[in-house]
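As structure tokens, the structure follows; a few thoughts come after it.
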Number of protein chains: 2
Amino acid sequence: MHFTELIKTIKDRREALQVTQEGLAAISGVGLRTLKQFESGKGNPTLLTLQKISEVLGMELCLKIKNISPTK
Amino acid sequence: MHFTELIKTIKDRREALQVTQEGLAAISGVGLRTLKQFESGKGNPTLLTLQKISEVLGMELCLKIKNISPTK
DNA sequence: TGAAATAATGCTTTATAATGCACTTTACAG
DNA sequence: CTGTAAAGTGCATTATAAAGCATTATTTCA
């Protein structure tokens, strides 16, 4: 999953849950500035930041072996 | 996927491919010190670092909605 | 429209990730 | 054992993530 997709996934999820950036920042413990920077595609969040955000959005990070050309 | 699992996944994968930390550092472009720190559970890598490592290990990060108590 | 809410951005400070180098510790083959 | 390779650690430097605040831009809706 590419950087951009990751951002989109989080942003979409946040919006689906009807939470504002401000709200998400508050409940996740991530600074609002950091969140904004992330969602607007700037910056390079740390794993911790990603986890905090994912957590409160009911999502989780995973790491799996790429399928090598599965009739893609 | 928790921090610890993530580390283990990467470490296992690296070993399965019989690559040393030094080798992985070289091909991924991530500094050896950074890699060591990461694999030994210290530190909080950035998304970029994670992606670089995953990439050369033939893995990918993904983010998905957690299953709410699926007869876990 | 225009006002209110939400999101984006510039500037700044502080904390820490990324890195290299040298050294220590572990693991393992012989 | 002992030498060698791989992994871990201390120290120092540089780059940058995290954060807050103030301001500007966008979106939304009555």
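In what follows, chains are A, B, ... by sequence order, proteins preceding strands, each numbered from 1.
Under a 3.5 Å cut-off, the side chain of A:Ser40 and the backbone N or O of A:Lys36 do form a donor-acceptor pair. The closest donor-acceptor contact from the side chain of B:Asn44 to the backbone of A:Thr46 lies at 3.5 Å or more, if one exists at all. Within the 3.5 Å criterion, the main-chain N or O of A:Pro45 finds no donor-acceptor partner in the side chain of A:Thr49.
In this structure, CD1 on B:Ile10 lies 8.0 Å from CD1 on B:Ile7, to the nearest 0.5 angstrom.
Taking each heavy atom of B:Ser54 and A:Leu63 in turn, the nearest pair found is OG-CD1, 3.5 Å.
For the pair B:Gln37 CD and D:dA6 P, the interatomic distance rounds to 21 Å; values are reported in whole Å. Remark: P of D:dA7 and CZ of B:Phe38 are 14 Å apart, rounded to the nearest angstrom. Rounded to an integer number of Å, the gap from CD of A:Glu22 to P of D:dT27 is 18 Å. Residue B:Gln51 contributes atom CD, which lies 18 Å from atom P of C:dA17 at whole-angstrom precision. Between A:Gln18 atom CD and C:dT6 atom P the separation is 11 Å, expressed in whole Å. D:dA7 atom P lies 7 Å from atom CD of B:Glu15, rounded to whole Å. Atom NZ in B:Lys42 sits roughly 17 Å away from atom P in C:dT16 (whole-Å rounding). The separation between A:Asp12 atom CG and C:dA7 atom C1' is 16 Å, rounded to whole Å.
Residue B:Thr34 is classed as a base contact, given a heavy-atom separation below 4.0 Å to a base. Across all strands shown, A:Gly29 has heavy atoms under 4.0 Å from sugar-phosphate atoms exclusively, and none from any base.
Checking C:dA7, D:dA7, D:dA18 against the side-chain heavy atoms of B:Thr20 singles out D:dA7 as nearest. Of all nucleotides listed (C:dA17, D:dA7, C:dA8), C:dA17 comes nearest to the side chain of B:Asn44. The A:Arg14 side chain lies nearest to C:dA7 when the options are D:dT9, C:dA8, C:dA7.
The side chain of A:Lys11 contributes no N or O atom lying less than 4.0 Å from OP1 or OP2 of C:dT6. In this model, the phosphate group of C:dA7 is not approached by any side-chain N or O of A:Ser40 to a distance below 4.0 Å at OP1 or OP2. Between A:Gln21 and C:dA8 there is a side-chain N or O to OP1 or OP2 distance below 4.0 Å. Contact between the side-chain N/O atoms of A:Thr49 and the OP1/OP2 oxygens of D:dA17 is not found at any separation under 4.0 Å. For A:Thr46, no side-chain nitrogen or oxygen approaches OP1 or OP2 of C:dT16 to under 4.0 Å.
A side-chain hydrogen bond (donor to acceptor under 3.5 Å, both in side chains) with A:Glu39 holds for exactly one of A:Lys8, A:Lys11, A:Gln21; it is A:Gln21.
Between B:Gly43 and B:Leu32, the one whose closest nucleotide on DNA chain C sits nearer the 5' end is B:Gly43. Nearest-nucleotide positions on DNA chain D place B:Lys36 closer to the 5' end than the other of A:Leu48 and B:Lys36.
Put simply, the side chain of B:Arg33 and the base of D:dG8 share no donor and acceptor less than 3.5 Å apart.
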